[in-house]
Enquirer: 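This structure is in structure tokens; I'll ask about it shortly.
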Amino acid sequence: MSSAVIEEGSTASAQPVARMGVATLTAMVVGGMVGAGVFSLPARFGVATGILGSLIAWAVAGSGMLTLAFVFQNLAIRKPQLDSGVYIYAKAGFGDYVGFNSAIGFWASTVAGNTFYWVFLCATIGTFTDSFGDGDTFLAVAVSSVGVWLFHMLVARGVKDAAVINQIVTVCKILPILLFIVVLLFSLDTGVFSQNWLATGYGLGNLNEQVRNTMIITTFVFIGVEGASVYSRYARRREDVGRATVLGFVSVLCLFALVTLASYSVATQPEIAATRQPSMVGIFEGVVGHWGEIFISIAAIVSVLGAYLAWTLMAAEVMYNPARAEDMPRFLGQENEQGVPITALVVTSLGIQALLGLTLFVTNALDFMLDFSTVLALVPYLLSAAYALKLGLTGEAYEGISAGVRRRETIVAGIATAYTLFLFDAAGLKFILFATFILAPATVLYVKARSETGRRIFSPVEICLCAALVVGAAVGILGLATGRIEI
């Protein structure tokens with residue numbers, strides 16, 4: 001999970017300068033998708049599956065997320081006027097309240113993802129001092145809290161363009177990952193690799209269960225795939241965007257798959273599973289010695305801080321854009337003198353602070369925030385894919401387009417929709433109920449926004465949806481109270 005903000009230049013024109021070719025666009029896609037999640041891959045896969053299961057998981061995840069990438073690209077072409085963020089597709093396809101929940105889901109996903117960054121950062125420091133533990137000690141939360149508000153002040157002062165920072169960070173995180181892969185593959189132990197092929201002797205369940213248990217982590221590391229379509233207005237040629245999307249996505253997929261395979265080549269599945277997070281640190285140290293621990297740790301810290309800067313503003317703008325479109329209360333659309341969406345930024349920082357407090361009570365804070373962020377991101381993903389499917393089935397926006405193109409894009413949208421539904425199932429009921437903890441109370445913001453403009457609050461269908469969210473939240477709270485659900 002990562003992001004990049006593109007500098008549009010200093011011209012007076014409101015139109016961006018189209019100056020990016022395939023190579024530049026591909027680099028932006030890669031830099032936007034490789035974030036902190038990659039440093040956690042070895043142990044997350046190690047606790048779930050062996051080599052064959054990981055290969056199948058990456059094939060399934062790669063295919064599914066690529067269809068989502070094409071969905072966002074196709075929607076940008078078919079509905080170019082819908083440019084207020086991912087949530088706008090849900091609103092256009094299924095109504096205001098559904099669109100609102102898509103926006104809240106995406107915002108909450110970025111908040112949980114940013115919380116994951118702080119836990120990850122402190123867990124990395126915890127490699128060198130026990131007082132930081134796995135990123136969920138009182139000291140870790142205190143240091144993270146200071147960091148949250150330091151970045152808050154930095155962004156509030158107008159640090160909006162992160163293009164240069166992102167380019168530096170991208171190089172600093174890609175090179176160590178490549179070195180990790182090369183060194184481990186050269187250190188391959190054929191006996192260990194053979195034992196890890198099926199990992200059947202380690203009590204991981206059958207192959208189907210192994211693959212299902214890896215789906216959430218594979219989705220988290222691909223969060224940001226929707227951003228590829230954003231770069232289309234900067235392309236010299238529009239067809240370059242499609243090529244860059246495929247090249248960038250395949251490059252990242254290969255990078256992630258090689259990280260997991262390289263880990264299986266030097267340590268057995270139980271050893272990998274027992275490695276503390278961020279697990280790339282421990283795996284690399286076990287091969288090259290203490291300098292490897294320091295090297296990968298520094299790379300992880302640089303990657304996290306760079307990504308956090310970009311995603312902090314991203315999270316604020318996810319609330320700011322709907323507020324400007326009257327889909328959220330007006331106060332969330334306020335800007336300060338530097339043009340930063342300050343109220344949305346404050347709410348975002350408070351949300352991160354609240355989740356940091358929650359990490360003190362969670363069994364495995366790092367994995368919990370990763371899974372929670374992913375499930376919340378699935379809300380706008382599913383709704384966007386479903387909207388693209390609806391357009392294809394009804395023929396809306398396909399006037400003058402050949403039947404073959406419409407059929408192909410409809411099939412892609414159908415696969416993307418089915419894939420996101422599968423991911424909800426793979427996530428499990430617990431995290432779906434946890435998502436309603438956010439969506440249900442957030443409805444208060446929707447009611448306020450509708451009241452400010454004198455609009456009807458709910459349609460009959462929307463009342464049913466709201467009731468379902470409230471019931472889901474109530475069931476989740478009851479499950480926590482009775483101990484049937486654990487965090």
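For this chain, numbers begin at 1 and follow the sequence in order.
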Enquirer: Any heavy-atom pair between the side chains of I272 and V266 that's under 4.5 Å?
Expert: no

Enquirer: Nearest 0.5 Å, please: how far is CG in L253 from CE in M65?
Expert: 11.0 Å

Enquirer: Answer whether the closest heavy-atom distance between the side chains of L366 and S40 falls below 4.5 Å.
Expert: yes

Enquirer: Quick one, L382 and L423 - any side-chain contact, counting heavy atoms below 4.5 Å?
Expert: no

Enquirer: Could you tell me which residues satisfy side chain to side chain donor-acceptor pair (under 3.5 Å) with Y308, sequence neighbours excluded, listed by chain and number?
Expert: W118

Enquirer: With no hydrogens and no angle check, is any side-chain donor or acceptor of Q269 less than 3.5 Å from a backbone partner on G46?
Expert: yes

Enquirer: Just jot down the ring-ring contact (aromatic ring centres under 6.0 Å, His included) partners of F437, sequence neighbours excluded, or say none.
Expert: F434

Enquirer: I need the full list of ring pair (Phe, Tyr, Trp, His ring centres under 6.0 Å) pairs touching residues 266-289, with sequence neighbours left out, sorted by first then second residue.
Expert: F180-F284, F284-W291

Enquirer: Kindly say whether A59 contributes a backbone atom to a donor-acceptor pair with the side chain of S63 at under 3.5 angstrom?
Expert: yes

Enquirer: Using salt bridge (Lys or Arg N to Asp or Glu O under 4.0 Å) as the criterion, list what pairs up with R276, not counting sequence neighbours.
Expert: D134

Enquirer: Does V192 offer a backbone N or O that forms a donor-acceptor pair with the side chain of Q195 under 3.5 Å?
Expert: no

Enquirer: Pairs in or reaching into residues 111-130: which pass salt bridge (charged side-chain N to carboxylate O under 4.0 Å, His left out), with residues at least two apart or in two chains?
Expert: none

Enquirer: D189: what forms a salt bridge (Lys or Arg N to Asp or Glu O under 4.0 Å) with it, not counting sequence neighbours?
Expert: none

Enquirer: Atom CG in L355, atom CZ in F368: separation rounded to 0.5 Å?
Expert: 8.0 Å

Enquirer: Donor-acceptor pair, S279 side chain versus A43 backbone, under 3.5 Å?
Expert: yes

Enquirer: Minimum heavy-atom separation for A385 and L68, please, with both atom names.
Expert: CB-CD2, 4.2 Å

Enquirer: Of all heavy-atom pairs between A388 and V71, which one has the smallest distance, and what is that distance?
Expert: CB-CG1, 3.9 Å

Enquirer: If I compare all heavy atoms of T49 with all of Y264, which pair ends up nearest, and what's the gap?
Expert: O-OH, 2.5 Å

Enquirer: For D371, which residues count as a salt bridge (Lys or Arg N to Asp or Glu O under 4.0 Å) partner, sequence neighbours excluded?
Expert: R44

Enquirer: Counting N and O atoms only, with roles assigned by atom type, does the side chain of T124 sit under 3.5 Å from a partner on the main chain of S297, one being a donor and the other an acceptor?
Expert: no

Enquirer: Partners of A315 by side-chain contact (heavy atoms from CB on, under 4.5 Å), sequence neighbours excluded?
Expert: W107, T110, T348

Enquirer: Would you say the side-chain atoms of T359 pair up with the backbone N or O of A365, donor to acceptor, closer than 3.5 Å?
Expert: no

Enquirer: Give the intermediate values and the outcome of side chain to side chain contact (heavy atoms under 4.5 Å, CB included) for residues L185 and I181.
Expert: CA-CA 6 Å; L185 288 180; I181 293 170; 3.7 Å; yes

Enquirer: Decide whether W149 and S349 meet the rule of one side-chain donor and one side-chain acceptor closer than 3.5 Å.
Expert: no

Enquirer: Any side chain to side chain donor-acceptor pair (under 3.5 Å) involving residues 419-439? Give me the pairs, sequence neighbours left out, ordered by first then second residue.
Expert: R212-D425

Enquirer: Are F106 and Y381 close enough that their ring centres sit under 6.0 Å apart?
Expert: no

Enquirer: One pair to check against side chain to side chain contact (heavy atoms under 4.5 Å, CB included): F100 and Y87. What are the steps and the verdict?
Expert: CA-CA 7 Å; F100 169 85; Y87 92 97; over 6 Å; no

Enquirer: Can you confirm whether V60 sits close enough to I56 that some side-chain heavy atom of one is under 4.5 Å from a side-chain heavy atom of the other?
Expert: yes

Enquirer: Could you pull out all residues at least two apart from A123 that satisfy side-chain contact (heavy atoms from CB on, under 4.5 Å)?
Expert: P278

Enquirer: First locate atom OH of Y117, then atom CG of N114, and finally report the distance between them rounded to the nearest 0.5 Å.
Expert: 7.0 Å

Enquirer: Please report the shortest heavy-atom distance between G351 and V111, naming the atom on each side.
Expert: C-CG1, 3.6 Å

Enquirer: Checking side chain to side chain contact (heavy atoms under 4.5 Å, CB included) for the pair L360/D136: CA distance, chi angles, key distance, verdict?
Expert: CA-CA 6 Å; L360 294 172; D136 52 2; 5.7 Å; no

Enquirer: Show me the pairs that pass ring pair (Phe, Tyr, Trp, His ring centres under 6.0 Å) and involve residues 119-147, at least two apart or across chains.
Expert: F116-F120

Enquirer: So do I104 and I438 actually touch side chain to side chain, heavy atoms under 4.5 Å?
Expert: yes

Enquirer: Does atom CZ of F331 have more than 12 heavy-atom neighbours from other groups under 6.0 Å away?
Expert: yes

Enquirer: Quick one: does I301's side chain get under 4.5 Å of V304's, heavy atoms only?
Expert: no

Enquirer: Considering non-hydrogen atoms only, spot the tightest contact between M319 and L445 and give its length.
Expert: CE-CD1, 4.3 Å

Enquirer: To the nearest 0.5 Å, what is the distance between CH2 (W58) and CG (L258)?
Expert: 10.5 Å

Enquirer: Shortest non-hydrogen contact from A323 to G333?
Expert: CB-N, 3.5 Å

Enquirer: What side-chain donor-acceptor pairs closer than 3.5 Å can you find for residues 139-146, not counting sequence neighbours?
Expert:
| unit_1 | atom_1 | unit_2 | atom_2 | d |
| --- | --- | --- | --- | --- |
| S144 | OG | A140 | O | 2.8 |
| S145 | OG | V141 | O | 2.7 |
| S145 | OG | Q353 | OE1 | 3.4 |
| S145 | OG | Q353 | NE2 | 2.7 |

Enquirer: From N196 CG over to L261 CG, what is the distance, rounded to the nearest 0.5 angstrom?
Expert: 10.5 Å

Enquirer: With rounding to the nearest 0.5 angstrom, report the CZ to CD1 distance, F39 to I283.
Expert: 14.5 Å

Enquirer: Between T137 and G133 (side chain of the first, backbone of the second, donor and acceptor by atom type, cut-off under 3.5 Å), is there such a pair?
Expert: no

Enquirer: Evaluate the side-chain proximity of V38 to L255: yes if any heavy-atom separation is below 4.5 Å, no if none is.
Expert: no

Enquirer: Any non-hydrogen side-chain atom of V346 less than 4.5 Å from a side-chain atom of H152?
Expert: yes

Enquirer: Checking T129 side chain against I125 main chain: does a donor-acceptor pair fall under 3.5 Å?
Expert: no

Enquirer: Does either side chain, that of Q334 or that of Y320, offer a donor lying less than 3.5 Å from an acceptor on the other one?
Expert: no

